[in-house]
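Worksheet: the structure to be examined is printed underneath.
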Amino acid sequence: MGAVVTGGKNVIARILSLFVVIVLWAGGSHGPAKAVELVTGNNYFPYADERIPGGGLATVLVKAIFEKMGHNATVSFAPWQDGFQATREGRFLATFPYIKTPEREAEFLYTDELFSVRPHIFMNYTNAPGLTQPSDLAGKILCVPVGWGIDEYLKDVTASGQVRVYDQTTVVGCFQLLAQGKVDAISIDRRLGTAAARAVQEGAWFKVRRLTIDSSPNYVIIPKSLPGAQEWIKRFNAAKDSLRMDGTVARLIQTYYENYP
């Protein structure tokens with residue numbers, strides 16, 4: 001049901017080969033790797049989806065960072081709400097990628113930023129209003145995929161009730177409703193939104209607008225209730241900084257986008 005983009009075996013092999021080389025090098029000085037269990041979700045193209053190379057760019061980055069910490073990270077894929085709840089209950093060490101919300105911050109610690117996305121408004125071309133600011137969406141229905149947070153620039157108009165929120169379906173479900181005219185807008189990263197829209201219906205049926213210069217940082221989150229949670233965060237951030245400083249993070253990102261179909 002997701003926006004799946006398949007590539008040749010050679011593409012996947014190149015990405016995974018580079019990943020293996022880097023993580024072996026990064027973790028080689030730590031002795032035998034200790035396994036940790038993480039969870040993420042699907043349909044967050046190109047960052048997280050079990051059907052795309054490496055499980056998505058975020059998965060590749062997170063595994064490399066844990067390898068630098070001396071841990072072999074096993075990543076499971078589950079519906080976003082299920083993975084979030086399982087992490088909250090301590091069945092996984094961490095989950096990713098998530099933006100900050102007050103509700104999440106009450107229960108979870110956040111790593112340093114893993115990556116940022118730039119939200120855009122997607123509308124159905126046949127009934128798209130002229131938009132220059134969030135208040136222009138007054139009286140409309142915003143579809144927010146289940147388990148996702150509302151982007152910061154839309155919080156005032158949704159909290160005030162000017163814009164209604166429907167949050168009972170997936171990313172692709174939101175675009176199906178948008179194509180059917182049952183919701184009016186979706187706020188989402190342009191790459192992800194374009195892939196989902198084209199998976200639902202080919203052709204120029206959707207319109208895209210950017211109403212904010214803000215970006216939405218995404219993070220790895222660890223439950224505060226986990227013993228040693230703060231130490232995990234500290235070690236993760238240090239490993240990420242190390243891989244960023246030596247160019248590993250940049251190489252992983254560049255290679256992923258070069259090879260992704």
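Numbering of residues begins at 1 and proceeds along the displayed sequence. This one's a predicted model, so the numbers in the text were calculated from it and none came from an experiment.
Listed by first and then second residue, the salt bridge (charged side-chain N to carboxylate O under 4.0 Å, His left out) pairs that reach into residues 141-155 are E152-K155, sequence neighbours excluded.
When atom types are taken as modelled, the side chain of N218 and the backbone of L114 share no donor-acceptor pair closer than 3.5 angstrom. In this structure a side-chain-to-backbone donor-acceptor pair under 3.5 Å is present from W80 to N42. No donor-acceptor pair closer than 3.5 Å links the side chain of N237 to the backbone N or O of K234. Judged purely by atom type and a 3.5 angstrom limit, D184 uses its side chain to pair as donor or acceptor with the backbone of I141. Remark: the backbone N or O of L192 is not paired with any side-chain donor or acceptor of Y44 at under 3.5 angstrom. T74 contributes no side-chain N or O that, together with a main-chain N or O of E37, makes up a donor-acceptor pair within less than 3.5 Å. In this structure a side-chain-to-backbone donor-acceptor pair under 3.5 Å is present from W205 to A197. Of the possible donor and acceptor atoms, one in the side chain of K240 sits under 3.5 Å from a partner among the backbone N and O of E113. Remark: side-chain polar atoms of R118 are not paired, donor with acceptor, to backbone N or O of R190 under 3.5 angstrom.
Placement of V146 and V165 in two distinct hydrophobic clusters is found when ILVMFWY residues are connected by side-chain heavy-atom separations under 4.5 Å, directly or transitively. In the hydrophobic cluster analysis, where Ile, Leu, Val, Met, Phe, Trp and Tyr join through side-chain heavy atoms closer than 4.5 angstrom, I99 is grouped apart from V171. Taking hydrophobic clusters as Ile, Leu, Val, Met, Phe, Trp and Tyr residues chained together by side-chain heavy-atom distances below 4.5 Å, V117 shares a cluster with I253. A continuous path of ILVMFWY side-chain contacts below 4.5 Å connects L61 to Y257, so both sit in one hydrophobic cluster.
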Pair F122, T194 - check side chain to side chain contact (heavy atoms under 4.5 Å, CB included), show working. CA-CA 9 Å; F122 280 73; T194 301; 3.8 Å; yes
Quick one, F84 with R104, criterion side chain to side chain contact (heavy atoms under 4.5 Å, CB included). Give me CA distance, side-chain angles, the key distance, then yes/no. CA-CA 10 Å; F84 182 84; R104 292 171 187 161; 4.0 Å; yes
Check step by step if side chain to side chain contact (heavy atoms under 4.5 Å, CB included) holds for V75 and F96. CA-CA 10 Å; V75 178; F96 66 91; 4.1 Å; yes
Determine, step by step, whether Q254 and E258 satisfy the side chain to side chain donor-acceptor pair (under 3.5 Å) criterion, reporting the C-alpha distance in whole Å, the side-chain angles of both residues, the deciding distance to 0.1 Å, and the verdict. CA-CA 6 Å; Q254 180 180 353; E258 284 177 351; 2.9 Å; yes
Step-by-step side chain to side chain contact (heavy atoms under 4.5 Å, CB included) determination, W148 to I188: CA-CA 10 Å; W148 289 36; I188 198 166; 3.9 Å; yes
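Atom CD in E67 sits 5.0 Å away from atom CG in N72 (nearest 0.5 Å). A distance of 11.5 Å separates CZ of R88 from OG1 of T95, quoted to the nearest 0.5 Å. The structure places CD of E231 at 12.0 Å from CG of L226, a figure rounded to the nearest 0.5 Å. Rounded to the nearest 0.5 Å, atoms CD (Q168) and CG (L177) are 11.0 Å apart. Atom-to-atom distance recorded for Y256:OH and T59:OG1 is 8.0 Å, nearest 0.5 angstrom. Rounding to the nearest 0.5 Å places CD1 of I121 at 13.0 Å from NZ of K207.
Legend: residues meeting side-chain contact (heavy atoms from CB on, under 4.5 Å) with S242, ordered by chain and number and at least two apart, are K68.
R198 CZ: 12 or fewer foreign heavy atoms inside a 6.0 Å radius. Counted within 6.0 Å of NZ on K224, heavy atoms from surrounding residues, nucleotides or ligands total more than 12; the atom is thus considered enclosed. Around CG of D156, the count of heavy atoms belonging to other residues, nucleotides or ligands within 6.0 Å does not exceed 12. The environment of CZ in R210 is crowded: more than 12 heavy-atom neighbours from other residues, nucleotides or ligands sit within 6.0 Å.
Between F115 and L57, the closest side-chain pair of non-hydrogen atoms is not below 4.5 Å. Side-chain atoms of Y153 and S187, non-hydrogen and from C-beta on, do get closer than 4.5 Å to each other. Considering only heavy atoms from C-beta on, L137 stays 4.5 Å or farther from V157 through its side chain.
In this pair, F66 and W232 present their aromatic rings tilted. The plane angle is within the 30 to 60° band.
Two rings, from Y98 and F108, have their centers 6.0 Å or more apart.
The heavy-atom pair separating C143 from V183 by the smallest distance is CB-CG2, 3.9 Å. The minimum heavy-atom distance between C174 and T169, with the atom names listed, is N-CG2, 3.5 Å. Annotation for T40 and A48: closest pair OG1-CB, 3.5 Å, computed over non-hydrogen atoms. Closest approach of T212 and P119 over heavy atoms only: CG2-CG, 4.2 Å. Across M123 and L131, no two heavy atoms sit closer than the pair SD-CD1, 3.2 Å. In terms of heavy-atom proximity, A73 sits nearest to L38 at CB-CD1, 3.8 Å.
With 3.5 Å as the limit, one finds a donor-acceptor pair spanning the side chains of E89 and Q85.
Using a 4.0 Å cut-off between charged side-chain N and carboxylate O, R191 and D189 make no salt bridge.
Hydrophobic side-chain contacts under 4.5 Å tie F92 into a cluster, directly or through other members, with V39.
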